[in-house]
Amino acid sequence: MEETLEFPDLLRLIDERATAFSAAVASAPSLDAQVPTCPDWTLFDLVRHLGEGRRKWAAIVAAGPADAPPPKSAWGASAVPREREALLDWWAASVRQLLAALRESGPDRGCWTWWGTSQSPQTAGAAARHQLQEVALHTYDAQITAGAPRPLPDEVALDGVEEFLSTCCATTSAWPHEPAAVDYHATEGRSWRLTLSADGARTARLPGPGTAPATAADAFLRGTAGELVLVLYGRIPADSLKMDGERRLFDQLLAWDPDE
């Protein structure tokens with residue numbers, strides 16, 4: 001399996017997960033069904049959120065380097081239909097807009113992102129990487145609403161752990177607690193360390209199986225890559241996986257908002 005997903009792979013997988021999302025929505029008993037993993041939303045709300053978000057990111061990527069995202073008038077004029085077949089057509093059009101903008105831009109062109117202080121670059125390639133995780137995670141949400149959750153595909157999940165740690169956790173904002181190191185071990189054979197200090201949070205991939213890191217972690221979490229992604233996004237509790245060390249660190253991480 002590739003160590004890092006290339007840009008064409010990201011686009012292919014966005015399309016594949018978008019198709020799986022459509023299938024889950026089509027098979028659900030009702031668009032009014034509550035989404036168990038997003039209890040404030042109905043399935044219709046989930047489709048609207050995901051579709052509008054992909055249209056917004058299509059406009060962001062198309063705009064190129066910028067200090068702010070484009071106004072809603074650039075992407076939000078389309079009414080969201082409430083009939084299921086029309087809603088799924090609208091969702092498919094949203095995905096086409098995103099993929100077209102990404103293909104036109106290519107991976108290296110800059111664009112606005114909200115993760116300026118993270119370890120992820122402000123490029124269309126990084127945007128595509130995050131868009132894959134957004135679509136994959138909400139596909140899981142739709143599948144569980146339809147009563148048929150499926151594990152995240154391995155290549156999506158393995159990239160998802162690293163993408164989350166690099167984009168959503170890494171920051172230059174000071175960690176407000178004692179310095180610590182937290183390791184995440186995927187049973188597929190890949191591991192990452194999140195280092196927390198007054199300088200912020202940084203992540204790095206650890207050496208392969210059989211090679212111990214120079215220093216021990218203060219806590220670690222072990223599961224499949226898909227399970228780790230679901231923990232990181234708050235879909236399942238951390239204590240449902242194998243956990244060791246200072247467990248309070250996972251609670252502190254969940255409660256930490258570096259922007260506050």
Side-chain angles (χ1 to χ4, degrees), residues 7 10-64 66 68-105 111-115 124-150 152-153 156 160 163-164 167-168 229-230 233-235:
F7 191 65
L10 294 171
L11 302 191
R12 169 180 59 83
L13 290 165
I14 289 171
D15 192 40
E16 288 181 5
R17 289 296 85 203
T19 299
F21 181 81
S22 295
V25 173
S27 67
S30 169
L31 291 176
D32 294 325
Q34 183 186 53
V35 180
T37 44
C38 305
D40 292 335
W41 285 353
T42 65
L43 185 58
F44 172 82
D45 295 330
L46 178 65
V47 180
R48 177 174 58 189
H49 164 79
L50 196 57
E52 288 183 340
R54 290 346 89 197
R55 288 168 184 250
K56 179 178 180 178
W57 275 99
I60 288 170
V61 170
K72 189 172 183 179
S73 59
W75 54 268
S78 173
V80 184
R82 288 191 166 269
E83 190 273 324
R84 192 185 312 233
E85 184 175 353
L87 180 64
L88 288 172
D89 288 343
W90 175 86
W91 157 246
S94 304
V95 178
R96 288 195 298 271
Q97 288 183 26
L98 173 64
L99 292 174
L102 289 168
R103 290 190 184 100
E104 177 68 23
S105 173
C111 67
W112 175 87
T113 73
W114 52 260
W115 55 76
R129 195 181 187 200
H130 190 66
Q131 291 309 294
L132 171 58
Q133 297 307 319
E134 287 274 334
V135 176
L137 183 73
H138 287 317
T139 295
Y140 172 83
D141 293 330
Q143 289 171 338
I144 204 168
T145 305
R150 301 285 301 162
L152 273 64
V156 175
E163 197 278 334
F164 186 95
T167 303
C168 302
V229 169
L230 294 179
Y233 280 98
R235 268 35 181 195

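The figures that follow rest on heavy atoms only: side chains count, while hydrogens, waters and symmetry mates do not. If you read the sequence from its start, that first residue is 1, and numbering goes on from there.
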Check the pair Val35, Thr42 against side-chain contact (heavy atoms from CB on, under 4.5 Å), reporting the backbone distance first and the verdict last.
CA-CA 6 Å; Val35 180; Thr42 65; 5.8 Å; no

Taking the side chain from Gln97 and the backbone from Ala58, do they hold a donor-acceptor pair closer than 3.5 Å?
no

Let's go through Leu102 and Leu98 carefully: what are the C-alpha distance in whole Å and the side-chain angles of both, what is the deciding distance for side-chain contact (heavy atoms from CB on, under 4.5 Å) to 0.1 Å, and is it a yes or a no?
CA-CA 6 Å; Leu102 289 168; Leu98 173 64; 3.9 Å; yes

For Glu16, the side chain to side chain donor-acceptor pair (under 3.5 Å) test, sequence neighbours excluded, returns Arg12

Which pairs with one or both residues in residues 81-93 pass salt bridge (charged side-chain N to carboxylate O under 4.0 Å, His left out), sequence neighbours excluded?
none

Who are the salt bridge (Lys or Arg N to Asp or Glu O under 4.0 Å) partners of Asp15, not counting sequence neighbours?
none

Which pairs pass salt bridge (charged side-chain N to carboxylate O under 4.0 Å, His left out) with one or both residues in residues 37-47, sequence neighbours excluded?
Asp45-Arg48

Does any donor atom in the side chain of Thr139 or Arg17 lie under 3.5 Å from an acceptor atom in the other side chain?
no

Run the ring-ring contact (aromatic ring centres under 6.0 Å, His included) test against Trp112 and tell me which residues pass, sequence neighbours left out.
none

Can you name the residues that form a side chain to side chain donor-acceptor pair (under 3.5 Å) with Trp90, not counting sequence neighbours?
Ser78

Distance-minimising heavy-atom pair for Pro29 and Thr145:
CD-O, 4.4 Å

Flag, side chain of Ser105 to backbone of Ala101, donor-acceptor distance under 3.5 Å:
no

Within-4.5 Å side-chain heavy-atom neighbours: His49 and His138:
yes

According to side chain to side chain donor-acceptor pair (under 3.5 Å), who are the partners of Arg54, at least two apart in sequence or on a separate chain?
Gln131

Test of understanding: with side chain to side chain donor-acceptor pair (under 3.5 Å), list the residues that count as partners of Thr113, not counting sequence neighbours.
Trp115, Gln122

For Phe7, give me all partners under ring-ring contact (aromatic ring centres under 6.0 Å, His included), at least two apart in sequence or on another chain.
none

Residues at least two apart in sequence or cross-chain that pass ring-ring contact (aromatic ring centres under 6.0 Å, His included) with Phe21, listed by chain then number, are Trp91

Decide yes or no on side-chain contact (heavy atoms from CB on, under 4.5 Å) for Trp114 and Cys168, but give the supporting numbers first.
CA-CA 10 Å; Trp114 52 260; Cys168 302; 3.9 Å; yes

Residue pairs involving residues 26-39 (criterion side-chain hydrogen bond (donor to acceptor under 3.5 Å, both in side chains); sequence neighbours excluded):
Thr37-Asp141

Can you see which heavy atom on Pro149 is nearest to which on Tyr140, and at what distance?
CB-CE1, 4.1 Å

Would you check, one step at a time, whether the test side-chain contact (heavy atoms from CB on, under 4.5 Å) holds for Leu11 with Leu132?
CA-CA 8 Å; Leu11 302 191; Leu132 171 58; over 6 Å; no

Run the ring-ring contact (aromatic ring centres under 6.0 Å, His included) test against Phe164 and tell me which residues pass, sequence neighbours left out.
Tyr233

